[in-house]
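Note that ligands are numbered from 1 as they come in the structure, with each ligand's atoms numbered from 1 the same way. Residue indices begin at 1 and follow the sequence shown.
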Amino acid sequence: MTGGSDRDLKGATRLVSAGRRPEWTGTPGYPEAVVNPPVWRASTHLHPDSAALNAGNRINADGHFHYGARGGPTQWALAEALTRIEPGAFGTILYPTGVAAIAGALMTVLRPGDVLLMTDNAYEPSRMMAHGLLRDFGIETRWFDPMDTAGFAAAICERTRCALLESPGSLTMEVQDVPALAAIARKRGVTTVLDNTWAGPTGFAALTHGVDITLLALTKHVGGHSDLMMGSAAAGEQWYGKLRKTSQALGYVVSPDDAALALRGLRTMDVRLERQTANALKVAAWLAGRAEVARVLCPMLPGSPGHELWKRDFNGGCGLFSVVFRGGSTEARDRMIDALELFGIGYSWGGFESLVTPLNPAPVRSATTWPPAGTDPDDRFGIRLYVALEDPDDLIADLERGLAAWRNG
Ligand SMILES: *Cc1c(COP(=O)(O)O)cnc(C)c1O
(Lines give C-alpha, C1' and ligand atoms only; values in the text may rest on other atoms or scores of the structure.)
Protein backbone atom coordinates (compact mmCIF):
# COMPACT_ATOMS: atom_id res chain seq x y z
CA MET A 1 0.00 0.00 0.00
CA THR A 2 1.42 3.35 -0.99
CA GLY A 3 1.32 6.56 1.04
CA GLY A 4 -1.62 8.95 1.03
CA SER A 5 -1.60 12.73 0.86
CA ASP A 6 1.53 14.08 2.47
CA ARG A 7 1.49 17.32 4.35
CA ASP A 8 4.58 18.68 6.03
CA LEU A 9 4.11 17.00 9.40
CA LYS A 10 6.73 15.96 11.92
CA GLY A 11 7.28 12.31 12.84
CA ALA A 12 5.31 12.29 16.10
CA THR A 13 2.31 13.87 14.38
CA ARG A 14 2.45 11.36 11.55
CA LEU A 15 2.46 8.50 14.05
CA VAL A 16 -0.86 9.78 15.33
CA SER A 17 -2.57 10.71 12.06
CA ALA A 18 -1.22 8.30 9.46
CA GLY A 19 -3.60 5.80 7.89
CA ARG A 20 -6.76 7.34 9.33
CA ARG A 21 -8.44 8.12 6.01
CA PRO A 22 -12.08 9.17 6.29
CA GLU A 23 -13.15 6.36 3.96
CA TRP A 24 -11.63 3.84 6.42
CA THR A 25 -12.86 5.43 9.65
CA GLY A 26 -16.24 6.81 8.63
CA THR A 27 -19.48 6.14 6.87
CA PRO A 28 -21.48 8.35 4.47
CA GLY A 29 -22.66 11.39 6.44
CA TYR A 30 -20.14 10.66 9.22
CA PRO A 31 -16.61 11.04 7.85
CA GLU A 32 -14.07 9.96 10.46
CA ALA A 33 -16.82 8.64 12.72
CA VAL A 34 -14.38 6.56 14.78
CA VAL A 35 -10.72 7.11 15.60
CA ASN A 36 -9.34 3.70 14.61
CA PRO A 37 -10.03 2.00 11.28
CA PRO A 38 -12.43 -0.86 12.11
CA VAL A 39 -11.50 -4.50 11.60
CA TRP A 40 -12.72 -5.52 8.15
CA ARG A 41 -12.66 -9.32 8.17
CA ALA A 42 -13.09 -10.67 4.69
CA SER A 43 -12.10 -13.32 2.23
CA THR A 44 -14.79 -12.52 -0.34
CA HIS A 45 -15.23 -8.95 -1.50
CA LEU A 46 -18.60 -8.40 -3.18
CA HIS A 47 -18.71 -6.34 -6.36
CA PRO A 48 -21.69 -4.27 -7.53
CA ASP A 49 -21.70 -5.93 -10.97
CA SER A 50 -19.61 -8.10 -13.25
CA ALA A 51 -17.97 -5.09 -14.88
CA ALA A 52 -16.57 -4.06 -11.46
CA LEU A 53 -15.37 -7.63 -10.81
CA ASN A 54 -13.61 -7.71 -14.19
CA ALA A 55 -12.04 -4.29 -13.62
CA GLY A 56 -10.51 -5.59 -10.39
CA ASN A 57 -8.86 -8.46 -12.26
CA ARG A 58 -7.26 -6.01 -14.67
CA ILE A 59 -6.26 -3.18 -12.35
CA ASN A 60 -4.68 -4.91 -9.30
CA ALA A 61 -4.01 -1.60 -7.52
CA ASP A 62 -3.71 -0.75 -3.83
CA GLY A 63 -6.74 0.35 -1.90
CA HIS A 64 -9.32 -1.34 -4.14
CA PHE A 65 -11.69 -4.03 -2.99
CA HIS A 66 -11.14 -7.19 -4.99
CA TYR A 67 -10.39 -10.27 -2.86
CA GLY A 68 -9.23 -10.79 0.72
CA ALA A 69 -5.76 -11.82 -0.41
CA ARG A 70 -5.12 -8.20 -1.42
CA GLY A 71 -6.14 -7.03 2.06
CA GLY A 72 -8.88 -4.62 3.03
CA PRO A 73 -9.11 -1.23 4.71
CA THR A 74 -7.61 -2.37 8.04
CA GLN A 75 -4.44 -3.70 6.38
CA TRP A 76 -4.33 -0.76 3.95
CA ALA A 77 -4.49 1.69 6.85
CA LEU A 78 -1.51 0.02 8.57
CA ALA A 79 0.54 -0.15 5.37
CA GLU A 80 -0.21 3.47 4.57
CA ALA A 81 0.69 4.55 8.12
CA LEU A 82 4.03 2.72 7.89
CA THR A 83 4.73 4.34 4.52
CA ARG A 84 4.06 7.78 5.91
CA ILE A 85 6.51 7.35 8.81
CA GLU A 86 9.25 5.92 6.56
CA PRO A 87 11.06 8.84 4.86
CA GLY A 88 11.63 8.11 1.17
CA ALA A 89 9.14 5.24 0.96
CA PHE A 90 6.72 4.89 -1.92
CA GLY A 91 4.91 1.97 -0.34
CA THR A 92 4.96 -0.77 2.30
CA ILE A 93 4.14 -4.48 2.05
CA LEU A 94 2.89 -6.36 5.11
CA TYR A 95 3.98 -9.94 5.86
CA PRO A 96 2.78 -12.49 8.41
CA THR A 97 6.13 -12.35 10.30
CA GLY A 98 9.44 -10.53 10.20
CA VAL A 99 11.04 -13.65 8.74
CA ALA A 100 8.42 -13.69 5.98
CA ALA A 101 9.41 -10.09 5.15
CA ILE A 102 13.06 -11.15 4.85
CA ALA A 103 12.07 -14.06 2.57
CA GLY A 104 9.73 -11.83 0.54
CA ALA A 105 12.42 -9.22 -0.07
CA LEU A 106 15.21 -11.69 -0.89
CA MET A 107 12.99 -13.68 -3.25
CA THR A 108 12.12 -10.42 -5.00
CA VAL A 109 15.73 -9.38 -5.58
CA LEU A 110 17.60 -12.69 -6.06
CA ARG A 111 17.54 -15.22 -8.91
CA PRO A 112 19.32 -18.58 -9.35
CA GLY A 113 23.06 -18.10 -9.92
CA ASP A 114 23.20 -14.87 -7.94
CA VAL A 115 25.44 -14.22 -4.95
CA LEU A 116 24.00 -12.71 -1.78
CA LEU A 117 26.37 -10.87 0.55
CA MET A 118 25.10 -11.18 4.08
CA THR A 119 26.37 -9.39 7.16
CA ASP A 120 27.96 -11.85 9.59
CA ASN A 121 25.79 -10.63 12.49
CA ALA A 122 22.49 -11.24 10.69
CA TYR A 123 19.46 -12.52 12.57
CA GLU A 124 19.82 -16.30 12.86
CA PRO A 125 16.78 -17.24 10.71
CA SER A 126 18.22 -15.02 7.93
CA ARG A 127 21.37 -17.12 8.08
CA MET A 128 19.29 -20.31 8.07
CA MET A 129 17.45 -19.06 4.98
CA ALA A 130 20.82 -18.63 3.25
CA HIS A 131 22.00 -22.12 4.23
CA GLY A 132 18.70 -23.78 3.28
CA LEU A 133 15.97 -22.25 1.12
CA LEU A 134 18.20 -19.86 -0.85
CA ARG A 135 20.93 -22.45 -1.43
CA ASP A 136 18.30 -24.89 -2.68
CA PHE A 137 17.15 -22.24 -5.18
CA GLY A 138 20.68 -21.88 -6.54
CA ILE A 139 21.67 -18.75 -4.64
CA GLU A 140 25.10 -18.60 -3.03
CA THR A 141 25.60 -16.59 0.16
CA ARG A 142 28.91 -15.07 1.23
CA TRP A 143 29.50 -13.38 4.58
CA PHE A 144 31.15 -10.11 5.43
CA ASP A 145 32.46 -8.56 8.65
CA PRO A 146 29.91 -5.86 9.54
CA MET A 147 32.65 -3.41 10.60
CA ASP A 148 34.88 -3.94 7.54
CA THR A 149 33.59 -1.61 4.83
CA ALA A 150 36.64 -2.16 2.60
CA GLY A 151 36.20 -5.92 2.96
CA PHE A 152 32.58 -5.54 1.86
CA ALA A 153 33.66 -3.67 -1.29
CA ALA A 154 36.29 -6.32 -2.03
CA ALA A 155 33.76 -9.14 -1.59
CA ILE A 156 31.47 -7.87 -4.36
CA CYS A 157 31.84 -9.92 -7.55
CA GLU A 158 30.06 -9.97 -10.91
CA ARG A 159 27.39 -12.32 -9.62
CA THR A 160 26.64 -10.29 -6.47
CA ARG A 161 23.06 -9.11 -6.80
CA CYS A 162 22.04 -8.26 -3.26
CA ALA A 163 23.49 -7.33 0.13
CA LEU A 164 21.57 -8.03 3.34
CA LEU A 165 22.57 -5.58 6.07
CA GLU A 166 21.44 -5.48 9.68
CA SER A 167 22.42 -2.62 11.95
CA PRO A 168 22.90 -2.97 14.84
CA GLY A 169 23.38 -6.68 14.16
CA SER A 170 21.74 -9.45 16.13
CA LEU A 171 23.41 -10.51 19.42
CA THR A 172 26.71 -8.64 18.99
CA MET A 173 25.00 -5.31 18.20
CA GLU A 174 27.61 -3.77 15.85
CA VAL A 175 26.39 -0.59 14.15
CA GLN A 176 27.46 -0.65 10.49
CA ASP A 177 28.37 2.25 8.24
CA VAL A 178 25.14 1.74 6.31
CA PRO A 179 25.45 4.91 4.16
CA ALA A 180 28.95 3.86 3.02
CA LEU A 181 27.92 0.23 2.38
CA ALA A 182 24.81 1.32 0.48
CA ALA A 183 26.81 3.76 -1.66
CA ILE A 184 29.39 1.10 -2.55
CA ALA A 185 26.63 -1.39 -3.38
CA ARG A 186 24.71 1.07 -5.54
CA LYS A 187 27.81 1.93 -7.55
CA ARG A 188 28.36 -1.75 -8.25
CA GLY A 189 24.72 -2.46 -9.15
CA VAL A 190 24.05 -4.39 -5.92
CA THR A 191 20.65 -3.96 -4.25
CA THR A 192 20.74 -3.35 -0.50
CA VAL A 193 18.17 -4.80 1.89
CA LEU A 194 18.40 -3.65 5.53
CA ASP A 195 16.86 -5.40 8.51
CA ASN A 196 16.06 -2.22 10.48
CA THR A 197 14.10 -3.91 13.26
CA TRP A 198 16.27 -2.57 16.13
CA ALA A 199 15.87 1.14 15.41
CA GLY A 200 12.72 1.18 13.29
CA PRO A 201 11.93 4.01 10.87
CA THR A 202 11.83 6.70 13.54
CA GLY A 203 15.28 5.69 14.83
CA PHE A 204 17.03 5.21 11.49
CA ALA A 205 15.67 6.56 8.20
CA ALA A 206 17.10 3.74 6.08
CA LEU A 207 15.90 4.78 2.62
CA THR A 208 17.28 8.31 2.94
CA HIS A 209 20.64 6.75 3.89
CA GLY A 210 20.80 4.95 0.53
CA VAL A 211 19.19 1.58 1.35
CA ASP A 212 16.91 0.13 -1.37
CA ILE A 213 14.54 -1.99 0.74
CA THR A 214 14.06 -1.65 4.51
CA LEU A 215 12.58 -4.45 6.60
CA LEU A 216 10.94 -4.47 10.02
CA ALA A 217 9.73 -7.20 12.31
CA LEU A 218 6.54 -5.37 13.32
CA THR A 219 6.37 -8.10 15.97
CA LYS A 220 8.81 -5.93 17.96
CA HIS A 221 8.40 -2.14 18.40
CA VAL A 222 5.27 -1.62 16.30
CA GLY A 223 3.23 -4.40 17.89
CA GLY A 224 4.83 -3.35 21.15
CA HIS A 225 2.80 -5.61 23.46
CA SER A 226 4.11 -9.15 22.83
CA ASP A 227 0.83 -10.28 21.32
CA LEU A 228 1.19 -10.30 17.55
CA MET A 229 3.57 -11.31 14.77
CA MET A 230 4.03 -9.37 11.55
CA GLY A 231 6.68 -7.93 9.24
CA SER A 232 7.01 -5.22 6.64
CA ALA A 233 9.13 -4.13 3.69
CA ALA A 234 9.20 -0.50 2.58
CA ALA A 235 10.86 0.80 -0.56
CA GLY A 236 10.89 3.50 -3.19
CA GLU A 237 8.88 3.15 -6.38
CA GLN A 238 11.53 1.06 -8.15
CA TRP A 239 11.24 -1.87 -5.74
CA TYR A 240 7.77 -1.45 -4.30
CA GLY A 241 5.91 -2.89 -7.29
CA LYS A 242 8.26 -5.87 -7.49
CA LEU A 243 7.91 -6.60 -3.76
CA ARG A 244 4.15 -6.46 -4.15
CA LYS A 245 4.21 -8.87 -7.08
CA THR A 246 6.31 -11.43 -5.18
CA SER A 247 4.16 -11.08 -2.09
CA GLN A 248 0.98 -11.71 -4.08
CA ALA A 249 2.58 -14.67 -5.87
CA LEU A 250 3.52 -16.20 -2.49
CA GLY A 251 0.03 -15.54 -1.12
CA TYR A 252 1.19 -13.43 1.82
CA VAL A 253 -1.56 -11.58 3.68
CA VAL A 254 -1.92 -10.50 7.32
CA SER A 255 -5.04 -10.79 9.43
CA PRO A 256 -7.09 -7.61 9.86
CA ASP A 257 -7.28 -8.26 13.61
CA ASP A 258 -3.48 -8.25 13.85
CA ALA A 259 -3.30 -5.19 11.58
CA ALA A 260 -5.63 -3.33 13.97
CA LEU A 261 -3.43 -4.34 16.94
CA ALA A 262 -0.31 -3.21 15.08
CA LEU A 263 -1.95 0.14 14.31
CA ARG A 264 -2.79 0.55 17.99
CA GLY A 265 0.83 -0.20 18.91
CA LEU A 266 2.18 2.17 16.29
CA ARG A 267 0.42 5.20 17.83
CA THR A 268 2.50 5.00 21.02
CA MET A 269 5.71 3.63 19.53
CA ASP A 270 7.83 6.76 19.89
CA VAL A 271 7.01 7.33 23.56
CA ARG A 272 7.69 3.68 24.36
CA LEU A 273 10.99 3.83 22.47
CA GLU A 274 12.05 7.02 24.17
CA ARG A 275 11.36 5.60 27.63
CA GLN A 276 12.94 2.19 27.02
CA THR A 277 16.03 3.85 25.52
CA ALA A 278 16.49 5.98 28.64
CA ASN A 279 15.92 2.94 30.87
CA ALA A 280 18.32 0.81 28.83
CA LEU A 281 21.03 3.45 28.99
CA LYS A 282 20.76 3.61 32.76
CA VAL A 283 20.87 -0.19 33.14
CA ALA A 284 23.64 -0.60 30.54
CA ALA A 285 25.83 2.07 32.18
CA TRP A 286 25.35 0.39 35.57
CA LEU A 287 26.32 -3.00 34.13
CA ALA A 288 29.39 -1.50 32.42
CA GLY A 289 30.68 -0.42 35.85
CA ARG A 290 30.41 -3.90 37.38
CA ALA A 291 33.50 -6.02 38.01
CA GLU A 292 31.70 -9.14 36.69
CA VAL A 293 31.12 -7.50 33.31
CA ALA A 294 33.76 -7.44 30.55
CA ARG A 295 31.76 -5.59 27.86
CA VAL A 296 28.33 -4.10 27.33
CA LEU A 297 27.33 -4.23 23.66
CA CYS A 298 24.83 -1.39 23.56
CA PRO A 299 24.93 0.99 20.56
CA MET A 300 23.99 3.99 22.73
CA LEU A 301 26.98 3.41 25.03
CA PRO A 302 30.44 4.84 24.19
CA GLY A 303 32.87 2.01 23.48
CA SER A 304 30.27 -0.30 21.95
CA PRO A 305 31.19 -1.30 18.35
CA GLY A 306 29.92 1.37 15.97
CA HIS A 307 28.74 3.73 18.72
CA GLU A 308 30.12 6.72 16.75
CA LEU A 309 28.08 5.65 13.71
CA TRP A 310 25.00 5.34 15.89
CA LYS A 311 25.57 8.91 17.09
CA ARG A 312 26.05 10.11 13.51
CA ASP A 313 23.17 8.32 11.78
CA PHE A 314 20.44 7.45 14.30
CA ASN A 315 17.67 9.52 15.87
CA GLY A 316 17.06 7.11 18.73
CA GLY A 317 17.84 3.80 20.35
CA CYS A 318 15.95 0.96 21.97
CA GLY A 319 16.12 -1.38 24.95
CA LEU A 320 17.86 -4.34 23.29
CA PHE A 321 21.54 -4.93 24.12
CA SER A 322 24.00 -7.62 25.14
CA VAL A 323 26.29 -8.13 28.11
CA VAL A 324 29.52 -10.18 28.15
CA PHE A 325 30.83 -11.41 31.48
CA ARG A 326 34.42 -11.67 32.65
CA GLY A 327 35.12 -15.39 32.56
CA GLY A 328 32.43 -17.59 34.06
CA SER A 329 30.68 -20.54 32.52
CA THR A 330 27.43 -21.68 30.95
CA GLU A 331 26.28 -22.76 34.42
CA ALA A 332 27.05 -19.36 35.99
CA ARG A 333 25.19 -17.63 33.17
CA ASP A 334 22.15 -19.86 33.53
CA ARG A 335 22.16 -19.37 37.33
CA MET A 336 22.09 -15.63 36.76
CA ILE A 337 19.23 -15.83 34.25
CA ASP A 338 17.21 -18.07 36.56
CA ALA A 339 17.75 -15.71 39.53
CA LEU A 340 16.14 -12.78 37.70
CA GLU A 341 12.57 -12.06 38.74
CA LEU A 342 11.63 -9.08 36.60
CA PHE A 343 13.15 -10.27 33.31
CA GLY A 344 11.07 -12.88 31.53
CA ILE A 345 13.01 -15.69 29.86
CA GLY A 346 11.93 -15.79 26.24
CA TYR A 347 12.55 -14.88 22.63
CA SER A 348 11.41 -11.81 20.77
CA TRP A 349 11.36 -8.33 22.32
CA GLY A 350 9.75 -4.93 21.73
CA GLY A 351 6.95 -5.37 24.27
CA PHE A 352 6.35 -3.39 27.46
CA GLU A 353 8.08 -6.02 29.65
CA SER A 354 11.77 -6.77 30.03
CA LEU A 355 13.30 -10.03 28.79
CA VAL A 356 16.54 -12.01 28.99
CA THR A 357 18.06 -14.76 26.85
CA PRO A 358 21.48 -16.43 26.85
CA LEU A 359 23.99 -14.97 24.39
CA ASN A 360 25.85 -17.45 22.21
CA PRO A 361 27.02 -15.97 18.90
CA ALA A 362 29.82 -18.53 18.30
CA PRO A 363 27.81 -21.02 16.21
CA VAL A 364 26.30 -18.25 14.05
CA ARG A 365 29.43 -16.47 12.81
CA SER A 366 31.35 -17.16 9.57
CA ALA A 367 33.41 -14.07 8.64
CA THR A 368 34.15 -13.08 12.25
CA THR A 369 34.79 -15.00 15.47
CA TRP A 370 33.26 -15.14 18.93
CA PRO A 371 34.79 -14.01 21.19
CA PRO A 372 36.02 -11.22 18.88
CA ALA A 373 39.67 -11.10 17.80
CA GLY A 374 41.78 -9.09 20.23
CA THR A 375 39.61 -9.79 23.28
CA ASP A 376 40.22 -12.18 26.17
CA PRO A 377 39.03 -15.65 25.00
CA ASP A 378 37.66 -16.33 28.51
CA ASP A 379 35.20 -13.44 28.16
CA ARG A 380 32.62 -15.20 26.03
CA PHE A 381 29.60 -15.99 28.21
CA GLY A 382 26.85 -13.45 28.19
CA ILE A 383 23.20 -12.55 28.07
CA ARG A 384 20.99 -10.50 25.80
CA LEU A 385 18.74 -8.10 27.67
CA TYR A 386 15.67 -6.31 26.49
CA VAL A 387 15.03 -3.45 28.92
CA ALA A 388 11.47 -2.22 28.65
CA LEU A 389 9.17 0.05 30.65
CA GLU A 390 9.65 -1.04 34.29
CA ASP A 391 11.45 1.36 36.65
CA PRO A 392 15.15 0.99 35.81
CA ASP A 393 16.11 0.99 39.51
CA ASP A 394 13.98 -2.12 40.03
CA LEU A 395 15.64 -3.74 37.03
CA ILE A 396 19.07 -2.87 38.39
CA ALA A 397 18.20 -4.40 41.78
CA ASP A 398 17.06 -7.52 39.94
CA LEU A 399 20.33 -7.69 37.99
CA GLU A 400 22.24 -7.25 41.25
CA ARG A 401 20.45 -10.39 42.48
CA GLY A 402 21.37 -12.10 39.22
CA LEU A 403 25.04 -11.19 39.51
CA ALA A 404 25.12 -12.53 43.07
CA ALA A 405 23.88 -15.86 41.71
CA TRP A 406 26.47 -15.66 38.92
CA ARG A 407 29.26 -15.28 41.50
CA ASN A 408 28.03 -17.83 44.03
CA GLY A 409 28.15 -21.09 42.09
C1 LIG B 1 12.62 -10.79 15.63
C2 LIG B 1 13.44 -10.37 14.48
C3 LIG B 1 13.08 -10.74 13.18
C4 LIG B 1 11.95 -11.66 12.85
O5 LIG B 1 10.72 -11.30 13.28
P6 LIG B 1 9.57 -12.39 13.51
O7 LIG B 1 8.35 -11.57 13.42
O8 LIG B 1 9.83 -12.99 14.84
O9 LIG B 1 9.65 -13.37 12.39
C10 LIG B 1 13.88 -10.28 12.14
N11 LIG B 1 14.96 -9.52 12.37
C12 LIG B 1 15.33 -9.17 13.60
C13 LIG B 1 16.54 -8.32 13.77
C14 LIG B 1 14.59 -9.59 14.70
O15 LIG B 1 15.00 -9.26 15.92
- prompt: Are Ser126 and Glu166 linked by a side-chain donor-acceptor pair shorter than 3.5 Å?
  reply: no
query: Among Tyr123, Tyr386, Tyr347, whose heavy atom sits nearest atom 10 (C) of ligand 1?
result: Tyr123
task: Heavy-atom distances under 4.0 Å are what count here, so tell me which part of Trp198 touches ligand 1: side chain, backbone, both or neither.
output: neither
field: Summary of salt bridge (Lys or Arg N to Asp or Glu O under 4.0 Å) pairs that have at least one residue in residues 367-395, sequence neighbours excluded
entry: Lys282-Asp393
- prompt: Are Trp143 and His131 an aromatic pair by the rule of ring centers under 6.0 Å?
  reply: yes
query: Which of the numbered atoms in ligand 1 are below 4.0 angstrom from a heavy atom of Trp349?
result: 15 (O)
query: Quick one: does Ser170 get an N or O within less than 3.5 Å of an N or O on ligand 1?
result: no
- prompt: Below 4.5 Å, heavy atoms only, C-beta onward: do Arg20 and Val16 meet side chain to side chain?
  reply: yes
message: Once side chain to side chain donor-acceptor pair (under 3.5 Å) is applied, do any residues pair with Arg142, and if so which ones, sequence neighbours excluded?
response: Glu140
- prompt: Should you measure from each heavy atom of Ala217, which atoms of ligand 1 turn up under 4.0 Å away?
  reply: 2 (C), 3 (C), 4 (C), 5 (O)
Contact atoms of ligand 1, heavy-atom distance to Asp195 under 4.0 Å: 10 (C), 11 (N), 12 (C), 13 (C)
query: Side-chain contact, heavy-atom cut-off 4.5 Å: Asn121 with Ser170?
result: no
query: Which atoms from ligand 1 have a heavy atom of Met229 less than 4.0 Å away?
result: 6 (P), 7 (O), 8 (O)
- prompt: Numbering the atoms of ligand 1 from 1, which are under 4.0 Å from a heavy atom of Glu166?
  reply: 13 (C)
